[in-house]
Amino acid sequence: MINKSITHKVILAALTLLLAACSSPPSTIKYYQLDSAKHSLKPTAKLSFSAQSQHVVVQQLELPDYLKHSMLVVRTSPHQVYFSRENVWAEKPSKAILNQLIADLNATSEQVWYSSWRTPIERENSHGLQVHITHFYPTENSEVILSGNIVFIAADPELSWQQEFAFSQPLRRDGYEHAMEVMRAQIKQLAEMINSAVTK
Amino acid sequence: MTDNNQEQSHYADVKPIRRISKIWLIPIVALLVGAWMVYYQIANQGTEITIYFSSAEGLEAGKTKVRTRYVDVGLVTKIKLRENENGVAVSARINKEAESLLREDSEFWIVTPKVSLTGVSGLGTLLSGPYIELAPGMSGVNLYQFEGLEEPPVTPAGTPGLHITLNSNDEFAYKEGDPVIYKGLTVGKFEDIYFNMEERIVYYNVFIRAPYHELITTTTRFWDSSGVRLNLGAEGLQVHTGNVETLLTNGVAFGIPEGSEEGTIIRERAYFDIHKSYDKAVAQRYRKGAEFVIMVEDSVRGLRVGAPVEYRGLHIGEVIAVNPPNEQQQTILEDSYKIPVVFMVQPGRVGLEDNAASVRLVATQTELWVEKGLRASLKIGNILTGAQYVDFQFYDDVLPVQEEYFQGKRIIPMISDEFAQLTEKLTSILDKINKLPVETTLEEINVTLNSFAKTAQSFEQTGKEINELLDNVQKEQLIQQLNATMDAFKFLAESYSKDSQTNRQLNDTIEELEGTLLELKPILNRLNKTPNSLIFTTGEESETVYPKAKQDDQ
């Protein structure tokens, strides 16, 4: 009887170890946000616009599909991108990009007031702006590229225009953390370019 | 014996005398006994009587018995047809001890089973056969030949009571055995009926048994109480009946009318009339009356002989003739024919004595009252039957009338009855209506109606307009409702418009869903390729692809 009981316990322990061997190692997922807290906590000047100020509404921000889900991507070849399973966006990329773009536009401009379609403000003679981003990721060439075009829809249709843009900025460190910093810098660069074009 | 004496003379002259033999006593005694027996038989065989019947049905010689009070007193000995007459002669020998029952007024009848409305009798003879019943007489004269009765006598001979005779001109249908009733008790019976061809009157012999025969006095009245008598007259509906027996049969009741004297008790056969009813019998006592006449211009339908004459509701007399034949009067064919109605005011009904002096007093008083305004009229006493009566009333403002007579009787002036007065009033009203300007009024009514018709048309037109207005209002309401619906729809559409909050939220949701699907896509592909990767790792320890810094050296 005693030998039989010991045998049962040995078999049970062996099965437990076998199942434990089959288990996967715990994976670590990292979440990233576009804007840093340090940058957000910076006091900003109060923006006020007179009635004569131009009002530009960002009517549309079109992103590529790989920026519509939370996984961060890296271009590994000219025609291949890699979706990281362990490095994901902490927020919706479209929302984060739009918010940063509006913030940068208003921070850059002193004459033009930018708002997005999410802001329920209507003024007469407002202009429209559509931003179409076609590429926005780190590449195998250790740089971050941002390209696309903007369409300015003036209150006077004859004054509307369209302009391509393409920015490239090298990565100085490895990892997604630095890549997010560069991407944030490119948004600011885009804002400056837009504001420059609008106010021109 | 002669021969013996001759033989004895040859031998001696003196011959001894021989005594008669004693043996001869025996036949002598026998002879005497036989004679005595014959005499005894003859002396005790009873009296033979002869009874004549119309038929000897059920009778048998030597078998049928003669009985009295259910005691055998004789036996039928011989039955033969009656000589020279119809019927049979039945000889019967009555026992000697019953000879005293054979009187002049003794009655014989054949007892057979009999069932009638008044009862059942003779049932015992169903088994024993018929017998002859002897009703002993009370007369002192013996009789040995009798006329048998066809029916049993209602009253056995010798029954104490009183025999009276009633008569009537009416078509009553009494028969023997019908009851005579006093206060509901049957105190007598009809015995026999006799019709007097000369007088054309039916006489009924009635026996009132003791002690009720002492109720018959000189003032007693008899009246019919057959069945149930319904009288629907001027005085309303009256129901009269005698007792239970008279519900099935006929009968008469008697009594002394209320208010009459009792009179003297009658001891011998007397004659009485049978009255139709108690009222008639009572009225009979008012023999005297002052007669008057009214000349009726209206209808006398419903006014019958015997109808009451009333004064302020009191019954003071009765009508004794309606339209009596007369020579003075005009004929009915004339336009102004007035129907004479003769009535009398009876002193006995107004508290006076029933005699000639009272009649004169009533006549005088009535004439005096006529001068003071007394008038007669015919009134309807019963609406159902239309029976009328004569009513006396005093009226004010009546014109004096001349004293007129009809066949020697004073004519009491009449006034129209209430119905006639009502008719006159109605006629007057109708005359007034006739005088009304009906045609003018009708024309005005026509004009008014035409105007009314136009008004109605106008009203109808107005109604149509109102309907149209209401339709328009309803249409406007419908349009308003449609507008409201459209506004609501517009608001709903705006809610989902391009720049709306809802639209943005919807787009965001769709984008999130799209992103999630995009994330799931490589995972699903991987699971499709290596399903166990959900549990087991693929051997890749960590990602090797990541953004890499630019090498300045390169």
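Quick note on labels: first sequence line is chain A, next is B, and so on, each numbered from 1.
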*Are B:E310 and B:K379 within salt-bridge range, i.e. N to O under 4.0 Å?*
no
*Name the region of A:T76, side chain, backbone, both or neither, that has any atom closer than 4.5 Å to a heavy atom of chain B.*
side chain
Enumerate donor-acceptor pairs with a distance under 3.5 Å from any side-chain N or O in residues 459-482 of chain B to protein atoms, sequence neighbours excluded.
unit_1, atom_1, unit_2, atom_2, d
B:T462, OG1, B:S458, O, 2.7
B:N467, ND2, B:G463, O, 3.3
B:N472, ND2, B:E468, O, 3.4

*Only one of A:L63, A:L190, A:I97 clears side-chain contact (heavy atoms from CB on, under 4.5 Å) with A:F136; which?*
A:I97
_Quick check on the interface: out of A:P93, A:S94, A:S84, A:A179, who has the most heavy-atom pairs with chain B under 4.5 Å?_
A:S84
*Would A:N87 and B:Y546 count as having a side-chain donor-acceptor pair, cut-off 3.5 Å?*
no
_Under a 4.5 Å cutoff for heavy-atom pairs, which residue among A:K68, A:H178, A:H69 has the most contacts with chain B?_
A:H69
_Is A:Y176 in contact with chain B via its backbone, its side chain, both, or neither, using a 4.5 Å heavy-atom distance?_
both
*Over 12 foreign heavy atoms within 6.0 Å of CD, B:E514*: yes
*A:S70, part contacting chain B, at a heavy-atom distance under 4.5 Å*: both
